[in-house]
Novice: 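The structure's right below; bear with me while I get my questions together.
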Amino acid sequence: MKNQNIQFKPTTGFLIPLLLACFAAVIVLAPTPASARDQVPFRGAFSTEVEIEFVYPFFYISVTGQGNASHMGATTAVTDNQVVNVIDGSATATYTLTGANGDTVVLEMIFQTTFLPNNAVTFEGSYTVTAGTGRFNGATGAGVLAGSAIATGPNTGIGSFSVAGTISSPGH
């Protein structure tokens, strides 16, 4: 048997479309990470009821709120881990927002409080979207928050707060 060299000479008319089709398939099938362009405006406003425990130098606060949030409609806002340092006014909390259909958005908050006369307080800071369920599964985003509260009893209070920023597009 004789060795034969077989040479393949693809035609330019066939090779270029084949390469373009391969590149297109890679681009179309590649996963698309969330990016800034996937962010949409997110706003919410809530009226709250507050339960307070004071162990110097911290207020440990549980909050239940009712309001409305973008892309969620009627929404509850709940935290059981809000902590305020009375020495420097720094505060943190993790809020779970739950829409009427049960979908949730989790906000990690960092804020600064200002204590006012008559047992009142104002606060402002920032939030980061860290989780979600339903159509908000894998949601990201960030923004600002502001609010106020007033004590109505030794361990209770009422207040309100709002958030304004962005969230990754619902359903993505």
Novice: Determine the minimum heavy-atom distance between Val84 and Ala91, stating which atoms define it.
Specialist: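 So the minimum-distance heavy-atom pair works out to CG2-CB, 3.8 Å.
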Novice: For Thr96, check side chain to side chain contact (heavy atoms under 4.5 Å, CB included) against everything at least two apart and list the hits.
Specialist: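 Per chain and number, Thr96 pairs via side chain to side chain contact (heavy atoms under 4.5 Å, CB included) with Thr98, Thr104, Val106.
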Novice: For a side chain to side chain contact (heavy atoms under 4.5 Å, CB included) check, start with the C-alpha distance between Leu97 and Phe42, then their side-chain angles and the critical distance, and finish with the verdict.
Specialist: CA-CA 12 Å; Leu97 308 182; Phe42 183 71; 3.9 Å; yes
Novice: Are any non-hydrogen side-chain atoms of Met109 and Phe123 less than 4.5 angstrom apart?
Specialist: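 Sidechains of Phe123 and Met109: no contact.
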Novice: Any link between Tyr60 and Val78 through a network of hydrophobic side chains (Ile, Leu, Val, Met, Phe, Trp, Tyr) touching at under 4.5 Å?
Specialist: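 Cluster IDs for Tyr60 and Val78 differ.
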Novice: Which atom names give the shortest non-hydrogen contact between Gly138 and Ser168, and what distance separates them?
Specialist: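 Scanning both residues completely, I find the closest heavy atoms to be O-OG, 4.3 Å.
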Novice: Hey, could you give me each pair passing side chain to side chain donor-acceptor pair (under 3.5 Å) that has a residue in residues 110-132? Not counting sequence neighbours.
Specialist: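 Every candidate side chain to side chain donor-acceptor pair (under 3.5 Å) pair involving residues 110-132 fails, so no pair, neighbours aside, qualifies.
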Novice: Determine whether Val40 and Phe136 fall in the same hydrophobic cluster, where Ile, Leu, Val, Met, Phe, Trp and Tyr are linked whenever their side-chain heavy atoms lie under 4.5 Å apart.
Specialist: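 Yes, Val40 and Phe136 fall within the same hydrophobic cluster.
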Novice: Please indicate whether Ile110 has more than 12 foreign heavy atoms, meaning atoms of other residues, nucleotides or ligands, lying under 6.0 Å from its CD1.
Specialist: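 Open.
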Novice: Are Ile61 and Val86 in one and the same hydrophobic cluster, where Ile, Leu, Val, Met, Phe, Trp and Tyr link if side-chain heavy atoms are under 4.5 Å apart?
Specialist: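 The answer is yes; both residues are in one hydrophobic cluster.
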Novice: Considering only residues two or more places apart or on different chains, which pairs with a residue in residues 79-95 satisfy side chain to side chain donor-acceptor pair (under 3.5 Å)?
Specialist: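 Every side chain to side chain donor-acceptor pair (under 3.5 Å) pair that includes a residue of residues 79-95, provided the two are not neighbours, is Thr79-Asn81, Asn81-Thr94, Gln82-Tyr95, Asp88-Ser90, Thr94-Glu108.
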Novice: By side chain to side chain donor-acceptor pair (under 3.5 Å), which residues pair with Thr64, not counting sequence neighbours?
Specialist: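 None.
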Novice: With sequence neighbours excluded, give me every side chain to side chain donor-acceptor pair (under 3.5 Å) pair touching residues 151-160.
Specialist: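 Output for this query lists Thr152-Thr156.
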Novice: In terms of hydrophobic clusters joined by side-chain contacts under 4.5 Å, are Phe115 and Phe161 together?
Specialist: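 Result: yes, single cluster for both.
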Novice: Are Phe58 and Ile87 joined in one hydrophobic group, where the rule is that I, L, V, M, F, W and Y side chains link up if heavy atoms are under 4.5 Å apart?
Specialist: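 Cluster IDs for Phe58 and Ile87 differ.
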Novice: Which heavy atom in Ile167 sits nearest to a heavy atom in His71, and how many Å separate them?
Specialist: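 In this case the closest contact between Ile167 and His71 is CG2-CD2, 4.1 Å.
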Novice: Kindly list each side-chain donor-acceptor pair under 3.5 angstrom involving residues 43-57, sequence neighbours excluded, with atom names and distances?
Specialist:
from  : atom 1 : to     : atom 2 : distance (Å)
Thr48 : OG1    : Gly159 : N      : 3.3
Thr48 : OG1    : Gly159 : O      : 3.1

